[in-house]
Amino acid sequence: MIKCHSVGLLARRGIINPSSSLIYRLLCWGEGQKQPSKTKNALGSKFKEDPTGSQSGTKRQRESTSEDRESQRDAQSMKADKQTERISVSVSHADSPKTNENAGHWSQGLKTSMQDPKMQVYKDDKVVVIKDKYPKARHHWLVLPWQSIPSLKALRTEHCDLVKHMQKVADQMIQQRPDCSSVQFRTGYHAIPSMSHVHLHVISQDFDSPCLKNKKHWNSFTTDYFIESKDVIQMLETDGKVTVKEGTSELLKLPLRCHVCRKELPTIPALKEHLKSHF
DNA sequence: GTTCTAGAAC
DNA sequence: GTTCTAGAAC
């Protein structure tokens, strides 16, 4: 049998199309990756068709404090994580209403996207690459492990090889991008991601995108909120875990500053206009 | 993560 | 008056 890596190589060289080749997918799943269960597929459809429907009964009060909202969001995400985890090991069981509710939460969207062959631009036995649904630059991919790891906080020494492989695949994506421009790329993780399931951002540094709309978007990629992949690997090797500095969330509120010349700009439109002078 | 919109800023 | 942001809601 042809090894998945070989098929991946063929795909990367354009000999076969990884996003449409059934043979490619079957071979990959035959090489150790779990075939998404019918239960998961069904949940995936639910998420796409009705992303908000299950939330109607849990509206929060406007007067709740920001701390309340933070803890509530965490609790919701964790609950949803646990549900998804449970589903993956008990696929033969009947769905409960609660299961659908949590799988449909917005923070679980990556789990659905990564399983969708239409979203996948590369995959092997360890990771899958998808295009960011709302790219913040001309090129913006996410590298996700098949293994369920909620976030950077869950990474340990045992994940070192996996994280290094994610970086290697990211480098391949950069090297094999469609255009031959000399635009720079960065590869890294958001210190405090919104979406569950650890994901490596591979993003070109033009930041030329209509989806880049606010200060949070900008600062999440241009301040230390963005932790370089190599730094994550180094932390894992030296400390056995990834530490996020206190006050990192405050970085999102910093003034808008050009990542090339460090000039401060007053608004997002002004920043976008300024970026044109560099690209 | 995004969308929506009140009200701040101009 | 318009532009833009920040925070609630999902």
Side-chain angles (χ1 to χ4, degrees), chain A residues 43-44 46-81 83-84 97-98 100-116 119 128-137 140-144 148-153 188-203 207 209-223 225-227 244 248-258 264-275:
Chain A
L43 289 169
K46 162 74 179 166
F47 182 82
K48 266 183 171 173
E49 288 160 12
D50 184 20
T52 59
S54 60
Q55 300 296 311
S56 54
T58 57
K59 277 187 183 174
R60 292 190 292 271
Q61 299 293 308
R62 272 189 180 260
E63 59 266 29
S64 60
T65 66
S66 61
E67 276 179 27
D68 287 343
R69 287 193 305 278
E70 184 72 19
S71 56
Q72 252 177 324
R73 186 184 67 74
D74 281 355
Q76 272 187 307
S77 292
M78 282 174 68
K79 196 176 164 191
D81 265 343
Q83 285 293 341
T84 309
K98 266 188 180 178
N100 283 341
E101 199 178 309
N102 291 318
H105 189 263
W106 59 262
S107 67
Q108 306 302 307
L110 288 179
K111 296 184 202 293
T112 310
S113 296
M114 66 185 278
Q115 300 288 347
D116 181 356
M119 305 286 280
V128 60
V129 182
I130 60 174
K131 281 190 176 183
D132 193 295
K133 197 173 174 185
Y134 299 92
K136 304 303 185 294
H140 189 182
W141 297 287
L142 305 177
V143 184
L144 306 108
S148 179
I149 303 170
S151 74
L152 286 184
K153 278 194 272 184
Y189 302 82
H190 281 154
I192 308 162
S194 301
M195 305 295 279
S196 186
H197 201 107
V198 77
H199 52 285
L200 173 61
H201 288 272
V202 183
I203 184 164
F207 294 111
S209 166
C211 298
L212 198 156
K213 293 177 176 176
N214 57 47
K215 184 175 270 188
K216 182 178 176 179
H217 291 156
W218 180 254
N219 284 332
S220 72
F221 287 102
T222 61
T223 69
Y225 194 92
F226 189 84
I227 307 178
V244 172
T248 298
S249 62
E250 299 304 306
L251 298 175
L252 296 178
K253 297 172 186 170
L254 287 173
L256 300 168
R257 199 174 281 282
C258 174
E264 190 176 317
L265 285 305
T267 64
I268 287 286
L271 172 66
K272 290 197 166 205
E273 196 57 36
H274 171 80
L275 289 178

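Letters A, B, ... mirror the listed sequences (proteins, then strands); counts begin at 1.
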Show me the protein contacts with nucleotides 7-10 of chain B, counting only N or O atoms at under 3.5 Å.
none

For nucleotides 1-5 of chain C, which of its nitrogen or oxygen atoms have a protein nitrogen or oxygen under 3.5 Å away, and what is each distance?
residue : atom : partner : partner atom : Å
C/dT5   : OP1  : A/I268  : N            : 2.7

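Here the side chains of A/N219 and A/L251 are not in contact, with every heavy-atom distance at 4.5 Å or above.
Here the side chain of A/K272 pairs no donor or acceptor atom with the backbone of A/F207 at under 3.5 angstrom.
Residues that satisfy the side chain to side chain contact (heavy atoms under 4.5 Å, CB included) test with A/M195, not counting sequence neighbours, are A/W106, A/L110, A/H199. Partners of A/K131 by side chain to side chain contact (heavy atoms under 4.5 Å, CB included), not counting sequence neighbours, listed by chain and number: A/V121, A/W141. With sequence neighbours left out, the side-chain hydrogen bond (donor to acceptor under 3.5 Å, both in side chains) criterion links A/T222 to A/W218. With sequence neighbours excluded, the residues satisfying ring-ring contact (aromatic ring centres under 6.0 Å, His included) with A/F221 are A/H140, A/H190, A/H201, A/F226.
Across all non-hydrogen atoms, the minimal contact from A/S209 to A/A137 is CB-N, 3.6 Å. Across all non-hydrogen atoms, the minimal contact from A/I268 to A/L256 is N-CD1, 3.6 Å.
Note on A/K253: nothing from the nucleic acid sits closer than 4.0 angstrom, heavy atoms only. Within the nucleic acid shown, A/H201 comes within 4.0 Å of sugar-phosphate atoms alone, with no base atom in reach, counting heavy atoms only.
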